[in-house]
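All remarks here apply to the structure that follows.
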Amino acid sequence: MDKLIYLTQHLRIKIYNMQITANNPNRKSWIEVPKNSDFPIQNIPFGVFITKDDIITIGSRIGNQVIDLGALQQLGYFKDLKLAEDVFLQDTLNDFISHGRKRWRRVRNRIADLFDSQNITLQNKPELLEKILFHIDDIEMLLPVNIGDYTDFYSSIEHATNVGKMFRDPDKALLPNWKHIPVGYHGRSSSIVVSGTKIRRPKGQILPKGAQEPIFAPTRLLDFELETAFITTDGYRLGESIPIEEAEEHIFGMVLMNDWSARDIQKWEYVPLGPFLGKNFATTISPWIVTLDALEPFRVASPEQNPMPLHYLQKSKNHSFDIHLQVGIKPNNSIETIVSNTNFKYMYWTMNQQLAHHTVNGCNVRSGDLFGSGTISGPTEDSYGSMLELSWGGTKTIKLKDGEERKFIENKDTVIIRGHCKNEHIRIGFGECSGKVIKAN
Ligand code: MN
């Protein structure tokens with residue numbers, strides 16, 4: 001056997017054998033975790049935050065307490081884990097992500113141990129905890145990674161079918177390539193923002209109904225797209241591919257994502273090269289990256305694929321996750337209405353297939369790259385992942401709790417995406433991915 005292949009396989013086996021002790025459902029933290037919190041001690045997500053003293057650092061979270069991992073590292077609590085000395089004293093997670101899955105797992109296990117109620121290392125040591133713990137209300141979350149490249153897929157069969165029915169032929173809603181290729185496009189990373197960032201209504205070229213010539217105006221059809229996204233570590237060199245069975249070794253974790261879209265701008269510009277200014281004005285992600293390790297207890301099968309895709313896309317294991325997702329709209333100074341409830345498990349193409357396909361031509365991926373799932377729609381009318389589908393192209397209105405109606409998103413509306421996994425023992429969640437729309441310039 002080729003020596004390199006032997007070594008990689010050997011390494012993989014070692015990684016799989018390292019237990020994810022952080023996931024033990026019986027663990028309890030000495031940090032109080034409110035009921036229904038997305039962040040029990042079994043989650044241990046990673047993010048970047050800034051303190052009131054303007055110090056930027058890498059953190060994790062249990063309940064409503066944010067843990068300064070830079071401080072923990074300086075105090076020596078990761079000393080034996082073979083990390084770069086300053087890996088948590090940075091303003092992005094890219095270097096830590098480059099460390100690879102084995103070290104992500106070790107660090108999660110160590111954090112779980114330090115904050116376990118059985119462990120007295122840090123418990124009841126106020127002078128120490130003052131340096132390590134911050135209440136979530138006392139800090140501000142920042143973008144967790146420096147995103148070099150961003151790709152967005154189109155992998156929900158329900159979404160692709162709905163859009164195909166509305167814009168093309170109801171009888172041939174899916175294009176001939178759809179069941180053979182995880183369709184995607186290269187997006188823009190410069191306009192990806194963290195949850196809480198205000199979103200300015202974009203302006204652009206719009207072709208009014210019946211008109212021959214476009215006008216220039218603020219979008220009238222501003223929409224959200226309910227998505228998740230995964231963040232990779234470094235893949236192989238340019239020219240090499242990530243095989244499907246290895247894809248998860250290169251995926252650090254997931255976030256929630258709102259791929260804001262201006263449907264009228266999109267409709268006029270998208271032929272023949274696809275999404276452009278109707279998409280790249282803003283994309284919002286949630287601040288906490290939930291690792292695939294933390295999602296492990298919620299692994300499920302993805303939908304059966306027929307026809308069978310080509311060999312490099314064939315899956316051997318369960319590669320999806322049971323993640324409940326919802327979208328709320330909150331008009332200015334009013335109450336929120338949940339307009340959609342769906343689940344990640346409906347996705348036809350898995351993250352592993354997306355990554356295998358993305359690299360099959362030799363395209364390389366790097367630490368911190370972001371890959372959007374595509375709009376996640378479920379099978380029922382109340383599980384669609386965009387206003388385009390919920391209002392069926394603007395032919396229906398959605399009633400909000402305060403009596404208002406919507407077909408698309410109005411100025412001063414806040415759109416909030418939430419997601420969590422739940423079993424009889426634990427709930428692992430993502431927190432919120434929210435953005436408030438402000439009027440065009
Ligand atoms: Mn999208």
Side-chain angles (χ1 to χ4, degrees), residues 19-49 51 57-72 75 77-78 88 93 104-126 128-141 144 194-196 228 253-256 286-299 321-326 328 344 416-434:
Q19 283 201 340
I20 317 175
T21 57
N23 286 6
N24 179 355
N26 299 319
R27 261 188 205 276
K28 283 211 160 44
S29 176
W30 49 265
I31 296 177
E32 189 201 322
V33 177
K35 202 168 178 273
N36 283 330
S37 169
D38 281 349
F39 303 99
I41 191 169
Q42 289 82 4
N43 190 337
I44 323 246
F46 293 91
V48 172
F49 67 97
T51 67
T57 182
I58 288 171
S60 186
R61 175 173 177 175
I62 296 175
N64 290 324
Q65 296 291 325
V66 175
I67 303 162
D68 182 342
L69 299 183
L72 277 181
L75 290 162
Y77 292 106
F78 300 133
F88 291 128
L93 277 157
W104 312 333
R105 192 170 284 186
R106 282 197 182 133
V107 167
R108 272 186 79 250
N109 287 349
R110 174 61 50 85
I111 297 168
D113 285 341
L114 286 170
F115 293 91
D116 190 304
S117 55
Q118 311 276 315
N119 188 323
I120 55 160
T121 311
L122 299 172
Q123 235 180 120
N124 304 318
K125 302 214 169 98
L128 206 51
L129 294 179
E130 205 174 289
K131 295 182 192 139
I132 296 167
L133 292 183
F134 295 82
H135 193 274
I136 190 75
D137 295 339
D138 293 333
I139 57 104
E140 193 186 319
M141 296 304 296
V194 74
S195 178
T228 61
M254 293 175 73
V255 292
L256 304 173
S286 56
W288 293 108
I289 306 175
V290 177
T291 60
L292 285 199
D293 272 0
L295 296 170
E296 192 55 47
F298 306 97
R299 189 179 283 278
F321 296 94
D322 182 7
I323 307 172
H324 302 275
L325 298 164
Q326 65 167 219
F344 180 73
I416 307 149
I417 296 175
R418 298 186 187 84
H420 74 271
C421 309
K422 202 174 162 94
N423 61 24
E424 64 272 34
H425 306 292
I426 47 166
R427 172 188 168 115
I428 300 285
F430 290 80
E432 286 185 356
C433 170
S434 88

Going by the salt bridge (Lys or Arg N to Asp or Glu O under 4.0 Å) test, which pairs reach into residues 31-40, not counting sequence neighbours? Asp38-Arg427
Can you give me the closest heavy-atom contact between Asn23 and Pro297, atom names plus distance? ND2-CD, 4.0 Å
Do Ile20 and Arg108 touch side chain to side chain, with heavy atoms closer than 4.5 Å? yes
For this output row, return yes or no: ring centroids of Phe115 and Trp30 closer than 6.0 angstrom. yes
Between Thr21 and Asn109 (side chain of the first, backbone of the second, donor and acceptor by atom type, cut-off under 3.5 Å), is there such a pair? no
One should read off an interatomic distance between Leu69 CG and Ile58 CD1, to the nearest 0.5 angstrom, of 7.5 Å
Whether the side chain of Arg418 engages the backbone of Leu325 through a donor-acceptor N/O pair (distance < 3.5 Å, no angle test) should be reported. no
Under 3.5 Å donor-acceptor, Glu432 side chain and Ile417 backbone: no
By side-chain hydrogen bond (donor to acceptor under 3.5 Å, both in side chains), Glu140 pairs with (sequence neighbours left out) none
Is there a side-chain contact between Ile67 and Ile132, using heavy atoms and a 4.5 Å cut-off? yes
Minimum heavy-atom separation for Thr57 and Gly70, please, with both atom names. OG1-N, 3.7 Å
With Lys125, which residues qualify under side chain to side chain contact (heavy atoms under 4.5 Å, CB included), at least two apart? Glu127, Leu128
Is the closest side-chain heavy-atom distance between Trp288 and Ile44 below 4.5 Å? no
Tell me whether Ser434 contacts the main-chain N or O of Ile416 through its side chain, where contact means a donor paired with an acceptor under 3.5 Å. no
Less than 4.5 Å apart, side chain to side chain, heavy atoms only: is that true for Met141 and Val48? no
Is there a side-chain contact between Pro45 and Phe39 in this structure, where contact means two heavy atoms from C-beta onward sitting under 4.5 Å apart? yes
Please determine whether side-chain contact (heavy atoms from CB on, under 4.5 Å) holds for the pair Ile111 and Tyr77, giving the CA-CA distance in whole Å, both sets of side-chain angles, and the decisive distance to 0.1 Å. CA-CA 9 Å; Ile111 297 168; Tyr77 292 106; over 6 Å; no
Answer yes or no: is there a donor N or O on one side and an acceptor on the other, between the side chain of Ser60 and the main chain of Phe46, under 3.5 Å? no
With Asn24 via side chain to side chain contact (heavy atoms under 4.5 Å, CB included) - residues at least two apart: Asn26, Arg27
Taking Ile428's backbone N and O only, do any of them form a donor-acceptor pair with Asn43's side chain (distance below 3.5 Å, no angle check)? no
Quick one, Asp68 with Phe134, criterion side-chain contact (heavy atoms from CB on, under 4.5 Å). Give me CA distance, side-chain angles, the key distance, then yes/no. CA-CA 8 Å; Asp68 182 342; Phe134 295 82; 4.0 Å; yes
Step by step, work out the side-chain contact (heavy atoms from CB on, under 4.5 Å) result for Gln42 and Ile62. CA-CA 9 Å; Gln42 289 82 4; Ile62 296 175; over 6 Å; no
Closest non-hydrogen atom pair, Ser195 against Pro287: CB-CD, 3.9 Å
Once side-chain hydrogen bond (donor to acceptor under 3.5 Å, both in side chains) is applied, do any residues pair with Gln65, and if so which ones, sequence neighbours excluded? none
Does the Thr228 side chain pair with the main chain of Leu256, one donor and one acceptor, at a distance under 3.5 Å? no
Got a second to check how far Ser29's OG is from Gln118's CD, nearest 0.5 Å? 11.5 Å
Rounding to 0.5 Å, atoms CG (Leu122) and CG (Leu114) come to a distance of 5.0 Å
Just to verify, what does Cys421 make a side chain to side chain contact (heavy atoms under 4.5 Å, CB included) with, not counting sequence neighbours? Leu295, Phe298, Ile323
Residue pair Pro144 / Gly47: nearest heavy atoms and the distance that separates them: CB-CA, 4.3 Å
Using the side-chain contact (heavy atoms from CB on, under 4.5 Å) rule, take Phe78 and Leu72 through it: C-alpha gap first, then chi angles, then the decisive distance, then the call. CA-CA 7 Å; Phe78 300 133; Leu72 277 181; 3.8 Å; yes
Nearest non-hydrogen partners of Gly63 and Ser37, listed with the distance: CA-OG, 4.0 Å
Do Ile41 and Ile31 come within less than 4.5 Å of each other through their side chains, counting heavy atoms only? no
Distance from Phe430 atom CZ to His420 atom NE2, nearest 0.5 Å? 11.0 Å
Met254 side, atom CE; Thr291 side, atom OG1 - distance, nearest 0.5 Å: 11.0 Å
